[in-house]
Amino acid sequence: MEKLFYRPNDAAMVLGMSRTAIFRLIKTGELRSIKHEGYRLIPAAALLDFARDLESKEAA
């Protein structure tokens with residue numbers, strides 16, 4: 001089974017970014033995340049949406 005949620009460090013590795021960049025994207029609302037029991041979690045769908053949005057901005 002694939003992961004449904006990623007911790008920021010894991011999301012950073014998936015996207016090829018730094019952990020700091022991930023938190024910046026979360027803060028600006030560019031990357032969706034949730035907080036659950038003190039943990040910041042990023043849905044797998046949010047990573048895909050972010051990548052698609054980034055790609056479409058580059059194509060424009």
Side-chain angles (χ1 to χ4, degrees):
M1 177 180 252
E2 293 183 36
K3 285 185 174 186
L4 297 176
F5 295 94
Y6 290 85
R7 299 285 301 272
N9 286 343
D10 297 328
M13 287 192 316
V14 168
L15 293 175
M17 298 179 164
S18 69
R19 181 177 177 270
T20 302
I22 294 296
F23 279 106
R24 189 178 323 116
L25 291 170
I26 290 169
K27 186 176 181 178
T28 62
E30 293 179 73
L31 182 62
R32 292 189 331 267
S33 71
I34 61 169
K35 206 162 190 185
H36 177 70
E37 295 183 6
Y39 292 101
R40 178 68 59 186
L41 299 171
I42 302 161
L47 295 175
L48 289 171
D49 290 344
F50 174 76
R52 286 185 190 119
D53 289 346
L54 192 61
E55 196 172 33
S56 68
K57 287 178 186 175
E58 285 296 315

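These figures come from a predicted structure and were not determined experimentally.
When every heavy atom of Ser33 is checked against every heavy atom of Pro43, the shortest pair comes out as CA-CD, 4.2 Å. Between Pro8 and Arg40, the shortest heavy-atom contact is CD-O, 3.3 Å.
Leu41 and Leu48 end up in different hydrophobic clusters when Ile, Leu, Val, Met, Phe, Trp and Tyr side chains are linked at under 4.5 Å. Residues Phe50 and Ile26 share a single hydrophobic cluster, defined by chaining ILVMFWY side chains whose heavy atoms lie under 4.5 Å apart. Ile22 and Met13 are members of different hydrophobic clusters when ILVMFWY side chains are connected at heavy-atom separations under 4.5 Å.
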Apply the test side-chain contact (heavy atoms from CB on, under 4.5 Å) to residues Ile42 and Asp10: give CA-CA distance (whole Å), side-chain angles for both, the deciding distance (0.1 Å), then the verdict.
CA-CA 9 Å; Ile42 302 161; Asp10 297 328; over 6 Å; no
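With a 4.5 Å cut-off on side-chain heavy atoms, Leu47 and Leu31 count as touching. Contact check for Thr20 versus Arg24: side-chain heavy atoms found under the 4.5 Å cut-off.
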